[in-house]
There are 2 protein chains.
Amino acid sequence: MARSPQKTSAQASGNAVTADLVAVLVAVTDGTPKIMTIAGGAALPSGPFEFTHRSLQTALRAWVEAQTGHPLGYVEQLYTFADRGRSGDAKSPHSVSISYLGLTREDRVGEGFEAHWSGWYDYFPWEDHRDGAPAFIAKTIAPKLKAWAKAAPSPTLQRERWQRCTITFGLEDRDWNEELVLQRYELLWEASLIPEANHSRGREASVAPGKPMTADHRRILATGIARLRAKIKYRPVVFELMPAEFTLLQLQRSVEALAGRLVHKQNFRRLIEQQELVEETGAMAADTVGRPAKLFRFRHGVLAERAVAGTKLPLSRT
Amino acid sequence: MARSPQKTSAQASGNAVTADLVAVLVAVTDGTPKIMTIAGGAALPSGPFEFTHRSLQTALRAWVEAQTGHPLGYVEQLYTFADRGRSGDAKSPHSVSISYLGLTREDRVGEGFEAHWSGWYDYFPWEDHRDGAPAFIAKTIAPKLKAWAKAAPSPTLQRERWQRCTITFGLEDRDWNEELVLQRYELLWEASLIPEANHSRGREASVAPGKPMTADHRRILATGIARLRAKIKYRPVVFELMPAEFTLLQLQRSVEALAGRLVHKQNFRRLIEQQELVEETGAMAADTVGRPAKLFRFRHGVLAERAVAGTKLPLSRT
DNA sequence: CATCTTATGCTCACGGAGAGTATAAATGGC
DNA sequence: GCCATTTATACTCTCCGTGAGCATAAGATG
């Protein structure tokens with residue numbers, strides 16, 4: 001690669017690092033979004049990048065397949081971290097961590113593998129608003145955030161902090177925005193309500209609910225959830241998480257599971273069908289309560305026909 | 001970082017790489033979007049990542065400031081490449097390239113610096129549809145794409161190729177989607193119409209217009225343009241590129257310059273004002289032809305008041 | 001058969017977006 | 001001073017996407 005002289009010399013000065021991959025692998029089963037975890041659910045799957053592969057994506061696919069015994073569907077890069085203090089140990093070699101979001105249909109991990117699936121709301125209980133805002137937000141989190149806001153040095157800063165709280169968490173009758181997953185996590189972190197945020201002070205007593213994770217893995221997961229929640233609105237990626245055949249209600253439940261909120265059933269169906277995203281298989285769903293539903297499959301044609309196919313989410317306020 | 005045993009050992013096996021930063025730095029002057037380049041316009045600014053900085057963003061900011069003598073406004077990570085063949089030389093040390101998009105108000109590069117500004121449409125002439133689709137698309141590019149499509153082995157593949165062409169370039173009365181910058185570049189690459197795509201064959205005769213760049217820099221630039229074109233529609237990032245005070249027409253021209261297409265003036269103003277993104281300064285523009293326009297400034301308050309402020313672009317079809 | 005549950009069809013009202021028309025306020029040329 | 005030109009700004013109109021509610025159909029279960 002052609003570089004200007006001073007840069008070439010600088011590059012040769014040997015700032016070697018190691019490259020890691022961290023994966024947020026998502027599946028949805030029975031209306032529960034799950035992520036692949038290792039270490040008893042305390043960490044996202046991660047490992048060193050092997051340069052024997054042609055590209056990062058290839059490396060990730062091969063690696064996931066080796067770990068789970070299943071191929072990976074949709075893959076997308078999330079973010080690259082190179083923060084110095086990230087590894088915790090200042091003496092350790094510098095590490096660049098490249099995180100990916102991966103979607104898969106299979107919920108099954110092959111036997112003998114360390115990995116297994118965990119519900120993503122175990123780590124982010126405050127992100128599930130399908131039955132309305134969780135009660136503990138108003139009861140526990142909001143007061144603590146208010147206390148944190150009041151602890152700001154000046155009245156102006158106090159107001160700004162509290163405004164930020166109401167916006168990100170949808171407090172005081174504001175709309176809850178399901179995409180602000182990372183912002184909410186960061187806010188709780190700053191307010192010292194996240195166990196990972198122990199700034200080497202001993203107090204772990206009053207924290208938000210939810211399982212913690214190693215290092216910054218929960219933060220990476222938040223990034224992945226946010227990305228996916230944004231993506232399902234304008235790209236037909238939900239289908240990567242569905243079985244080959246599904247009913248419209250199952251599809252809706254998956255979308256709701258990811259978004260963390262409910263959608264209007266009739267409007268949802270109208271949108272899906274008018275966009276010609278699915279086609280009937282002819283078969284009907286068995287083993288159901290109530291009127292049997294038609295089975296549909298994803299029309300793969302849309303990927304070629306359209307540049308941007310939108311799965312617009314009709315969000316309801318109930 | 002806690003890892004499972006087999007991973008820890010794998011990590012210690014020493015797959016060291018070097019970390020590079022590549023920056024797409026954007027400014028807009030007089031309705032022309034510009035990017036910072038080095039090597040006489042043949043490369044994007046890039047250099048090794050110094051681990052003396054706390055994070056990648058800090059490193060990039062410091063580095064850009066050292067290169068141009070000006071601070072950087074909005075910064076966003078674009079993509080990380082680790083492809084093996086990327087450096088061209090298989091023997092060279094593996095390199096991870098982390099690319100960033102940066103927006104700045106200043107169009108001025110300090111004296112004595114190698115960097116300077118180039119219009120981004122010099123590299124992507126087919127991306128400027130402000131005066132309608134450029135004539136050479138129908139005259140030159142479309143026929144070559146058609147020939148490429150016809151060269152596919154089967155009739156089905158031929159149809160699929162041509163459909164892809166019509167979608168990405170908006171041929172045959174399809175709508176042109178300004179966000180598909182990367183897809184268009186990749187299509188031209190596959191059709192061997194990009195000089196960089198010389199698969200060590202000698203033919204460079206019939207290629208698309210536009211200045212080439214070193215290595216995959218033009219591809220990175222395409223990624224940056226696409227990201228920015230998408231972003232201006234739902235985040236008020238245009239203001240990062242504007243001077244402190246501006247008229248609504250200047251703002252509109254900047255948006256149009258970035259989007260590569262025109263917007264409806266009255267609707268544009270309606271959207272900007274109803275979203276309360278700007279406030280009057282009280283002053284009027286001087287040195288103008290026609291009726292003098294009010295000067296506005298960006299209301300920084302919106303960043304705090306709203307979670308997602310949208311600069312929705314009213315796109316016109318003329 | 002009554003009831004429950006889910007599927008599916010239909011309608012209505014509101015608001016946002018695209019687009020057109022009209023008027024106001026400045027400049028420069030004659 | 002008058003006119004053409006250029007830009008700013010106000011107003012209106014229509015279409016359609018979207019949120020929301022109502023109604024009916026089709027199965028299971030007691």
Side-chain angles (χ1 to χ4, degrees), chain A residues 30-31 175-178 232-234 245-256 259 261-296 306 308-318, chain B residues 30-31 175-178 232-234 245-256 259 261-296 306 308-318:
Chain A
D30 303 325
D175 281 345
W176 180 69
N177 184 338
E178 74 277 1
I232 50 173
K233 289 181 186 166
Y234 61 98
E245 303 195 350
F246 49 84
T247 69
L248 291 184
L249 186 60
Q250 285 168 351
L251 183 65
Q252 183 184 343
R253 293 284 175 247
S254 294
V255 167
E256 289 173 338
R261 67 191 320 173
L262 300 178
V263 302
H264 185 103
K265 187 195 268 193
Q266 292 90 332
N267 293 344
F268 179 79
R269 296 164 113 89
R270 177 174 60 189
L271 280 179
I272 295 296
E273 294 191 330
Q274 92 185 7
Q275 291 174 114
E276 298 178 306
L277 291 171
V278 297
E279 62 190 1
E280 297 184 15
T281 67
M284 304 289 279
D287 296 337
T288 56
V289 204
R291 175 173 168 178
K294 291 179 193 162
L295 284 175
F296 292 84
R306 278 200 285 262
V308 274
T311 310
K312 302 167 197 164
L313 279 189
L315 300 172
S316 84
R317 279 153 202 161
T318 34
Chain B
D30 302 326
D175 281 345
W176 180 70
N177 185 339
E178 75 276 2
I232 49 173
K233 291 183 185 165
Y234 60 97
E245 303 194 350
F246 49 85
T247 70
L248 290 184
L249 185 61
Q250 285 169 349
L251 182 64
Q252 183 185 344
R253 292 284 175 247
S254 293
V255 167
E256 290 173 337
R261 68 191 318 173
L262 300 178
V263 302
H264 185 104
K265 186 196 269 193
Q266 292 88 336
N267 293 345
F268 179 79
R269 296 164 112 90
R270 176 173 62 188
L271 280 179
I272 295 297
E273 294 192 330
Q274 92 184 8
Q275 291 174 115
E276 298 177 306
L277 292 171
V278 297
E279 62 190 2
E280 297 184 15
T281 66
M284 305 289 278
D287 296 338
T288 56
V289 202
R291 173 173 168 178
K294 291 177 193 162
L295 283 175
F296 292 84
R306 279 201 286 261
V308 273
T311 311
K312 303 167 197 163
L313 279 188
L315 300 171
S316 83
R317 280 153 200 160
T318 36

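Since this is a predicted model, take the numbers as computed values, not measurements. Within every chain, numbering begins at 1; the chains are lettered A, B, ... in the order of the sequence lines, protein sequences first and strands thereafter.
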Among B:Lys265, B:Arg269, B:Arg270, the one residue meeting side-chain hydrogen bond (donor to acceptor under 3.5 Å, both in side chains) with B:Asn267: B:Arg270

5' priority, DNA chain D, between B:Leu248 and B:Arg270 [closest heavy atom]: B:Leu248

Separation of D:dC16 P from A:Gln274 CD (nearest whole Å): 12 Å

A:Gln252 CD to C:dT6 P, straight-line distance once rounded to whole Å: 12 Å

CD-CG distance between A:Glu245 and A:Leu295, expressed to the nearest 0.5 angstrom: 5.5 Å

Whole angstrom value for the distance that separates C1' of C:dT6 from CZ of A:Arg253: 10 Å

First of B:Pro292 and A:Phe296 reached from the 5' end of DNA chain C, by closest nucleotide: A:Phe296

Whole angstrom value for the distance that separates C1' of C:dG16 from CD of B:Glu273: 17 Å

Interatomic spacing from CG in B:Leu262 to CZ in B:Arg253 - rounded to 0.5 Å: 7.5 Å

Atom-to-atom span, CG of A:Asn267 to C1' of C:dT8 - whole angstrom: 13 Å

N or O in side chain of B:Arg269 less than 4.0 angstrom from D:dT9 OP1/OP2: yes

Spacing between A:Tyr234 atom OH and D:dT18 atom C1', to the nearest angstrom: 21 Å

Of A:Arg291 and A:Gln266, the one whose closest DNA chain D nucleotide lies more 5': A:Gln266

Sugar-phosphate, base or nothing in reach of A:Lys294, heavy atoms under 4.0 Å: sugar-phosphate

Nearest-angstrom distance from the residue atom NE2 of B:His264 to P of D:dA10: 14 Å

Phosphate contact (D:dA8 OP1 or OP2) by B:Lys265 side-chain N/O below 4.0 Å: yes

Length of the line joining A:Ile272:CD1 and C:dT8:P, which is rounded to integer Å: 14 Å

Sugar-phosphate only, base, or nothing, as touched by A:Leu249 at under 4.0 Å among non-hydrogen atoms: sugar-phosphate

Atom pair NZ/CE of A:Lys294 and A:Met284 - distance to nearest 0.5 Å: 7.0 Å

A:Glu256 side, atom CD; A:Ile232 side, atom CD1 - distance, nearest 0.5 Å: 10.0 Å

